[in-house]
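Chain naming here is simple, since letters A, B, ... match the order of the sequence lines and numbering starts at 1 in each.
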There are 2 protein chains.
Amino acid sequence: MALRHAVLAALLDEELSGYQLAKAFSVGVANFWHALPQQLYAELARLERDGLIAGREVVQDTRPNKRLFTVTDAGLAELDAFAAAATKPSFLRDDLAVKVQAADHIDSAVLIGQLAERAEIARAKADLFENLLRTMRGAAEEDDFLRHGTRIGPYLTCLRGLAFERGNHDWCLRTIGILKAREAARVRP
Amino acid sequence: MALRHAVLAALLDEELSGYQLAKAFSVGVANFWHALPQQLYAELARLERDGLIAGREVVQDTRPNKRLFTVTDAGLAELDAFAAAATKPSFLRDDLAVKVQAADHIDSAVLIGQLAERAEIARAKADLFENLLRTMRGAAEEDDFLRHGTRIGPYLTCLRGLAFERGNHDWCLRTIGILKAREAARVRP
DNA sequence: CCGCTCATGTAACAGGTTACATGATTTA
DNA sequence: TAAATCATGTAACCTGTTACATGAGCGG
């Protein structure tokens, strides 16, 4: 039951609607958790029912009305309890890694294509994260912001996302290089 | 349905029993996928039923008998098809990241403790991966092994695991440093 | 003799994914 | 005028996790 806490954590810094939350969780920016809109709407309903968040209706003319959610004191207490409990280890689950594991037995041209695709996605995400970080720290130097800024949580998770995507990118490119070198070596050894 | 392919990929290089597979998938070495023993036994049964792997009984005196599994031609074809299909993006799902996201609202002593714990786990895993890599390449230089060695798939996924755990470790330590500096700044600003 | 390793599962439950449904408004 | 955006969900299905079951040998 950790989607709960991910939603609470996301609502700490801004009041959001389900739709806005869904954007934050799916469109790239999901640097600390990933979830689909359907999960989020369901989870918001449960959180509100349990009194951990409170929603207020915002009536709009041109757009459909929306409900903005805030974390309640009970919600904060729940997050405290979550933070104090033992952290579950995080595991890898990546289709691309499975394909690379089988690299010696499958067509390497296909694999190289998929690695290139992933490298590009990783690069785009890294760029996005860099921009987000710049926006968050504003005019301040990074060290200064981290020492004295308010709300560094999102900044810290974004730093992790950035490092992760850079690692991804580098690994894809290196793997492509190795596979190509082997192909060349196989043709004229 | 990707556990299927992860199991197939794991069985490519050695004939394994369910028990041995389970060890490879749970005890640390899960650098390209993670799964529990129960999932694996169930998946092995399905794979055998579908003719993608073949099992042979090995009778043992002192130990209970076991069944060793090998990938069939149909299994290889299935892996080929999987490799050719579009790769699903991989997503982050980490309790610790959720806690860090909420860093501004929860007790930082607790958080620092959990980050230190995770840093230690990451360090241990990185060490393990380094040893695995050394074992895999044997006497050869890394470049040489990667260019001419057989079975580099597992080596490549292990490289990724290593980079991932190092990134994890660095991020945990850096985050701890930042949180401590902020605590100090709050006491005497 | 207690706990660990080998060896294989079943059953119930929680969590995540896919497919589908609706409908107005702005942008290309 | 077609497509994307805003806005919210339901239902069926697939996947992963937790809890439990069994039993022999080996090491401290």
Side-chain angles (χ1 to χ4, degrees), chain A residues 1-8 15-30 33-50 53 55-69 82 85-95 98, chain B residues 1-7 15-28 30 33-50 53 55-69 82 85-95 98:
Chain A
M1 235 204 303
L3 172 59
R4 276 204 116 159
H5 305 106
V7 170
L8 287 171
E15 202 184 22
L16 295 171
S17 67
Y19 188 82
Q20 293 170 300
L21 242 198
K23 285 216 127 182
F25 268 79
S26 63
V27 183
V29 195
W33 200 266
H34 171 262
L36 298 166
Q38 299 94 311
Q39 284 177 273
L40 296 171
Y41 282 112
E43 195 59 53
L44 285 170
R46 258 167 291 175
L47 283 165
E48 193 181 22
R49 185 201 57 196
D50 297 347
I53 60 174
R56 66 182 183 92
E57 182 99 12
V58 174
V59 181
Q60 302 182 122
D61 318 330
T62 84
R63 294 283 171 205
N65 296 349
K66 61 180 170 184
R67 306 197 63 224
L68 297 180
F69 295 95
F82 170 68
T87 308
K88 287 186 195 164
S90 76
F91 296 119
L92 277 179
R93 238 166 222 160
D94 182 359
D95 279 23
V98 174
Chain B
M1 235 202 303
L3 172 58
R4 270 200 123 163
H5 306 106
V7 170
E15 204 184 20
L16 294 171
S17 68
Y19 187 81
Q20 291 171 302
L21 242 199
K23 285 216 127 182
F25 269 78
S26 63
V27 184
W33 200 268
H34 171 263
L36 298 167
Q38 298 93 314
Q39 284 176 272
L40 295 171
Y41 282 112
E43 195 59 54
L44 284 171
R46 259 168 285 170
L47 282 165
E48 192 181 23
R49 184 200 59 197
D50 297 346
I53 59 174
R56 65 179 183 95
E57 183 98 12
V58 173
V59 182
Q60 302 182 118
D61 317 330
T62 84
R63 295 281 172 207
N65 296 349
K66 60 181 171 183
R67 305 197 64 225
L68 296 181
F69 295 95
F82 170 68
T87 308
K88 288 188 194 163
S90 76
F91 295 119
L92 277 179
R93 239 167 221 157
D94 183 357
D95 279 24
V98 174

Picking from C/dT17, D/dC6, C/dA7, the nucleotide nearest the side-chain atoms of A/Leu36 would be C/dT17
Ranking C/dA19, C/dG23, D/dG16 by distance to the side chain of A/Gln38, first place goes to C/dA19
If each end axis of the helix from C/dC1-D/dG28 to C/dA28-D/dT1 is fitted on five C1' pair positions, the angle between them, to 10 degrees, is 50°
Do any N or O atoms of the protein come closer than 3.5 Å to N or O atoms of nucleotides 26-28 of chain C, and which pairs are they?
{"residue": "C/dT26", "atom": "OP1", "partner": "A/Thr62", "partner atom": "OG1", "Å": "3.4"}

A/Phe69 CZ to D/dG9 C1', in whole Å, measures 12 Å
Under 3.5 Å, sequence neighbours excluded: what are the donor-acceptor pairs made by side chains of residues 37-44 of chain A?
{"residue": "A/Gln39", "atom": "OE1", "partner": "A/Leu36", "partner atom": "N", "Å": "3.0"}
{"residue": "A/Tyr41", "atom": "OH", "partner": "A/Tyr19", "partner atom": "N", "Å": "3.3"}

Discussion item. Checking the side chain of A/Arg93 only, and the main-chain atoms of B/His34 only, is there a donor and an acceptor separated by less than 3.5 Å?
Written reply: yes
Closest to the side chain of B/Trp33, out of D/dG16, C/dT5, C/dT18, is D/dG16
Regarding the side chain of B/Tyr19, the nearest nucleotide among C/dT5, D/dC6, C/dT17 is C/dT5
Winner on side-chain proximity to A/Lys88, out of D/dT8, D/dG16, D/dT18, is D/dT18
To the nearest angstrom, the CG-P distance between A/Asp61 and D/dC6 comes to 17 Å
Just to be sure I understand the rule, does B/Gln60 reach a base, reach only the sugar-phosphate, or reach nothing, if contact means heavy atoms closer than 4.0 Å?
sugar-phosphate
